[in-house]
There are 2 protein chains.
Amino acid sequence: MDTSTALAIFRQQLEKYVVFNEAEWIIFIQHLTFQSLKKKKHFAEYGKVCCDVGFIISGSVRYYMVKDGEEITGYFSFENEFVSSYKSYLTQQPAVNYIQALDDTLLIVISHKNMHLMLNNPMLAYKMERFGRLIAEHYLICYEDRMASFITKTPEERYLDLLTNGREVLQRMPQHYIANFLGITPVSLSRIRRRILELTR
Amino acid sequence: MDTSTALAIFRQQLEKYVVFNEAEWIIFIQHLTFQSLKKKKHFAEYGKVCCDVGFIISGSVRYYMVKDGEEITGYFSFENEFVSSYKSYLTQQPAVNYIQALDDTLLIVISHKNMHLMLNNPMLAYKMERFGRLIAEHYLICYEDRMASFITKTPEERYLDLLTNGREVLQRMPQHYIANFLGITPVSLSRIRRRILELTR
DNA sequence: CTAAAACGTTAACAAAAGATAAGAATTCGT
DNA sequence: ACGAATTCTTATCTTTTGTTAACGTTTTAG
């Protein structure tokens, strides 16, 4: 995909949050860069400050932490979604997690530095504050839903939710990533799948 | 506590996020109201749109959902913290949870209507966007931490975290609220406490 | 193309958690 | 102050999950 197509897609997706006029857009895109991540390469790593927010033009990533030498996958992001180790990005402190490309992934990137240049550029400041607010609110709602499912639902119920809603996650993802995502072990997920199969058979 | 003291506290706490000059402050406070919630009264209820964000001057609240007729407590907020059923507030759709005062609680309230009046008031718009962004980012980080603990830690580890960090939550909170908050049953928490006692004895 | 690595299922056993109920201690409402 | 309700612990039993290991299959890398 060429960069102008990617930018057009980005602009269209952004319009959920904020609409730039031509003059603003020209300045805005000067603060963007492209990043191409080969499969298995990292967008963010434990112990390193995450300097970027990315917007996924194509591909996908997984978020994981390492505990007792084990990788534990906590989340995924797909096309037309944002990706960052937000706490690290926002505080510019070292990240506690990894973010890794699951496929070859093309991203539009806003560095923390460029974001703050825009937040301090009178031409863009207002819209960037608004943009930042709406993005943060959007992901706040995602987290609120996800926390609620952990508090009120069993792993089996969360998996059934995934079957009905989370098409994309299930299609191409290794099952042990999904197990972690649900808060259980791969073996346990395999058993849950068996139980469901037996019931629906 | 009188209202001017409360406002002074609020102003000071807000300075973590945004600093108002005198002219702005005068307009800002015209968009605030006070709310006094008796113990056990609700700040938000299932099925009703949550129209307000509150700032807790004194007291505390718990967030809970009802599942199979059971109340399941998912979170708490204390003095100098914000409280809202954010998804409902932000989308103005009916809430899926309840928020209830644990003690008599005094709040400073910004209604959704007033928030949007300020967001559209040229005198305040920029700072309110910024305020909204920073608040959302703050709670995004809280959620990120909390999700991480659910994905990577056992209930026992989460309880031990609470023992070292969460002083306030543990002090005055019924134990079955804390159990829900940890994602387990009250009986299970009681057993975890016993195990810990036996080890440290 | 081939060897190695990763993946998903299953089994067997251990550990933990859920459900239910009983009983004592504490708190609450009036 | 009193009875009722709530809270916490403990016990028992059941269910679920974790752990480890084995096995066949699939995918990956060189």
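In what follows, chains carry the letters A, B, and so on, assigned in the order in which the sequence lines appear, proteins first and then strands, with residues in each chain numbered from 1. For clarity, every value in this text was computed on a predicted model and none was experimentally measured.
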K.L.:
Separation of A:Ile184 atom CD1 from D:dT19 atom P, in whole Å?
P.N.:
13 Å
K.L.:
Taking only N and O in the side chain of A:Arg194, is any of them less than 4.0 Å away from OP1 or OP2 of C:dT9?
P.N.:
no
K.L.:
To the nearest Å, how far apart are A:Lys153 NZ and C:dG18 P?
P.N.:
18 Å
K.L.:
Classify the nucleic acid contact of B:Lys39 as base, sugar-phosphate or nothing, counting any heavy atom under 4.0 Å across all strands shown.
P.N.:
sugar-phosphate
K.L.:
Please report the closest heavy-atom contact between A:Ala148 and B:Met65, naming both atoms and the distance.
P.N.:
CB-SD, 3.8 Å
K.L.:
How close or far is atom P of C:dC28 from atom CG of B:Leu102, stated in whole angstroms?
P.N.:
12 Å
K.L.:
Quick check on C:dT9: is either OP1 or OP2 less than 4.0 Å from any side-chain nitrogen or oxygen of A:Arg193?
P.N.:
yes
K.L.:
Please determine whether side chain to side chain donor-acceptor pair (under 3.5 Å) holds for the pair B:Asp103 and B:Thr105, giving the CA-CA distance in whole Å, both sets of side-chain angles, and the decisive distance to 0.1 Å.
P.N.:
CA-CA 6 Å; B:Asp103 308 294; B:Thr105 296; 5.5 Å; no
K.L.:
Which is true for A:Leu189 with a 4.0 Å heavy-atom rule: it touches a base, it touches only sugar-phosphate, or it touches nothing?
P.N.:
nothing
K.L.:
What's the CD-C1' distance between A:Glu70 and D:dT19, to the nearest Å?
P.N.:
11 Å
K.L.:
Could you state the atom-to-atom distance from OH of B:Tyr159 to P of C:dA17 in whole Å?
P.N.:
14 Å
K.L.:
Quick one: closest heavy-atom pair of A:Glu79 and A:Ile57, and the distance?
P.N.:
CG-O, 3.6 Å
K.L.:
Answer with base, sugar-phosphate or nothing: what part of the nucleic acid does B:Arg191 contact at a heavy-atom distance below 4.0 Å?
P.N.:
base
K.L.:
Starting at CD1 of B:Ile178 and ending at C1' of D:dT9, how long is that distance when rounded to a whole Å?
P.N.:
15 Å
K.L.:
More 5' along DNA chain D: A:Arg195 or B:Pro186, using each one's nearest nucleotide?
P.N.:
B:Pro186
K.L.:
Closer to the 5' end of DNA chain C via nearest nucleotide, is it A:Lys40 or A:Ser190?
P.N.:
A:Lys40
K.L.:
Rounded off to whole Å, could you give me the CD-to-P distance for the B:Glu157 and C:dA15 pair?
P.N.:
17 Å
K.L.:
Within a radius of less than 6.0 Å around NZ of B:Lys67, do more than 12 heavy atoms belonging to other residues, nucleotides or ligands occur?
P.N.:
yes
K.L.:
OP1 or OP2 of C:dT9 versus the side-chain N and O atoms of A:Gln175: is any pair under 4.0 Å?
P.N.:
yes
K.L.:
Counting only heavy atoms not in A:Lys87, do more than 12 fall under 6.0 Å of its NZ?
P.N.:
no
K.L.:
If you assign each of B:Val187 and B:Thr154 to its closest nucleotide in DNA chain C, which residue comes earlier from the 5' end?
P.N.:
B:Thr154
K.L.:
Counting only side-chain N and O atoms of A:His176, is one of them less than 4.0 Å from OP1 or OP2 of C:dA6?
P.N.:
no
K.L.:
Report yes or no: is the cationic atom of B:Arg62 (NZ for Lys, CZ for Arg) closer than 6.0 Å to the six-membered ring centre of B:Phe181, at no more than 45° off its axis?
P.N.:
no
K.L.:
For the helix from C:dC1-D:dG30 to C:dT30-D:dA1, what is the angle between the axes at its two ends, each from 5 pairs, rounded to 10°?
P.N.:
70°
K.L.:
Looking at the side chain of A:Ser188, which of C:dT10, C:dA17, D:dT17 is the nearest nucleotide?
P.N.:
D:dT17
K.L.:
For atom CD of B:Glu70, decide whether the heavy atoms of other residues, nucleotides or ligands shown that lie under 6.0 angstrom number more than 12.
P.N.:
no
K.L.:
For A:Pro155, report the nucleic acid contact type (base, sugar-phosphate, nothing); a contact means any heavy atom under 4.0 Å.
P.N.:
sugar-phosphate
K.L.:
What is the distance from CD1 of B:Ile192 to C1' of C:dG18, rounded to the nearest Å?
P.N.:
12 Å
K.L.:
How about B:Tyr63 and B:Tyr98: are their ring centroids closer than 6.0 Å?
P.N.:
no
